[in-house]
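Each remark here refers to the structure printed beneath this line.
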Amino acid sequence: MWSSKLAFILAVSGSAVGLGNVWKFPYITGENGGGAFVIVYLICVFAIGLPIMMSEVLIGRRGRRNPIATMRLVGEEESGSSKWQLVGGMGVIGGFMILSFYSVVAGWALAYIFKSATGAFTGTNAAEVGAIFDGLTANWPVLLAWHTLFMAMTVFIVARGVQRGLEQAVQILMPALGVLLVILLFYSISEGNFAEGVNYLFRADFSKLTWDSVLVALGHAFFTLSVGMGAVMAYGAYLPASASIPGTSVAVVFADTGIALLAGLVIFPIVFANGLAPGEGPGLIFQALPLAFGQMPGGVIFATLFFLLLSFAAWTSSIGLIEPAVAWLVERYEQSRVQAASMVGATVWVLGVGSVLSFNLLADFKFWRGTIFDNLDHLASNIMLPLGGLLISVFAGWVMCRNSTSEELDMGTGVAYSTWRFLARFVAPIIVLVIFLNSSGFIGWVQGLSNGG
Ligand code: PFF
């Protein structure tokens, strides 16, 4: 059990706030043209992500087991069918896939702690920070070493168990990351091209938005909140019966969104002031931020601290990615936590080698969405998470009876509860479905047919 409601909020925000907010949100916003993408992302977060997060916590607390067993148990209880465990199973696999590339990027953050501390960025220009980043990603043995270290750190903390492992660390370091971002915001306001950054982030030009970008925004809403794969369900399993699910979920969603927007407000003004390209790709923050750190007084300390906190945020998120699988092995096969965490960690590590090589030896090996790294990200984040989320909301909204959900949510039967139920039953599933069908080209195909080909 979590020792308090605050501990639970911190742990779920620890899982939610991570590379998704600081690394992924700015770079995919840049790749998808800014403002309109951000609006779609925000709509997805509040209209879909929030109700699904509440659904996951309530299912988790009802089942009180790992996501697979929880879905089986609650599924049998509510509908007599054990098939719902497949949703938990898909989540476990999605978590594996995400962690495999997540760990590689977290490895970049770890590497940057040392680069920052040794003053590698002091006085550098845009070309030089670009060369430092390219130099790192080109060197596969070094990337592999950082990936290995990060996976070892993840296995270590998960093996220690929920309370001792997670709680203590999250309480200080998460707020510290927020404070550091606020300090950086002041730098961006005074030294960056703040007006252009804000304009880029919030001025929506929907004419440029494609269905593919909408799918990326949807996928990111799931990714950033850690929902759709049972991670939050696994955390909900340890939530005391007295804690309020709506209250905690709302707090987490606001904290997560706040950190992402803050990161965007820090990064884009620096990007524009230095003539970097917003659509630069996964290296965006690893180039924009060192440039800023290299120019500011005390930059070495700020940079070191920043990458330390970013690595830490990635660490607390990686726990959420691996916990469903570990909890499943422990409960189903009666393995020790150490054994289970090591086994899962080793499997994820092997998968991660594909992402390590995507930036060097296999950089030209492209299919479907791009490199192995791009494909793992797209399949897990933009397809499996939304699909998992869709099934979870259908489960909570349609399969579970009203009494069970209203009892867990404890919101009474008034407007708040009805709003949640409406979002879970209709809004979330329908929007996810519409986005899936459009981005896969299915709707265009049907329209083509009805227009006579
Ligand atoms: N929400 C994390 C981030 O934004 O970095 C990523 C993540 C963690 C996704 C845990 C899913 C998860 F279960």
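Computed over heavy atoms, backbone and side chain alike; hydrogens, waters and symmetry mates excluded. Counting starts at 1 for both ligands and their atoms, in listed order.
Within 4.0 Å of ligand 1, the residues that place a heavy atom are Ser15, Ala16, Gly18, Leu19, Gly20, Asn21, Tyr102, Phe223, Thr224, Ser226, Met229, Ala231, Ser317, Gly320, Leu321, listed by chain and number.
The aromatic rings of Phe268 and Tyr200 lie tilted to each other, with the angle between the two planes from 30° to 60°. The aromatic rings of Tyr27 and Trp23 sit tilted relative to each other, their planes meeting at an angle between 30° and 60°.
Partners of Phe395 by ring pair (Phe, Tyr, Trp, His ring centres under 6.0 Å), not counting sequence neighbours, listed by chain and number: Trp84.
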I'd like a table of donor-acceptor pairs (distance under 3.5 Å, sequence neighbours excluded) in which one partner is a side-chain atom from residues 283-293, with atom names and distances.
none

Between side-chain atoms of residues 102-110 and protein atoms elsewhere (two or more places apart, or another chain), which donor-acceptor pairs fall under 3.5 Å?
residue : atom : partner : partner atom : Å
Tyr102  : OH   : Leu19   : N            : 2.9
Tyr102  : OH   : Ser317  : OG           : 3.3
Ser103  : OG   : His147  : O            : 3.4
Ser103  : OG   : His147  : ND1          : 2.7

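Within the 4.5 Å cutoff, no side-chain heavy atoms of Phe8 are placed close to those of Ile245.
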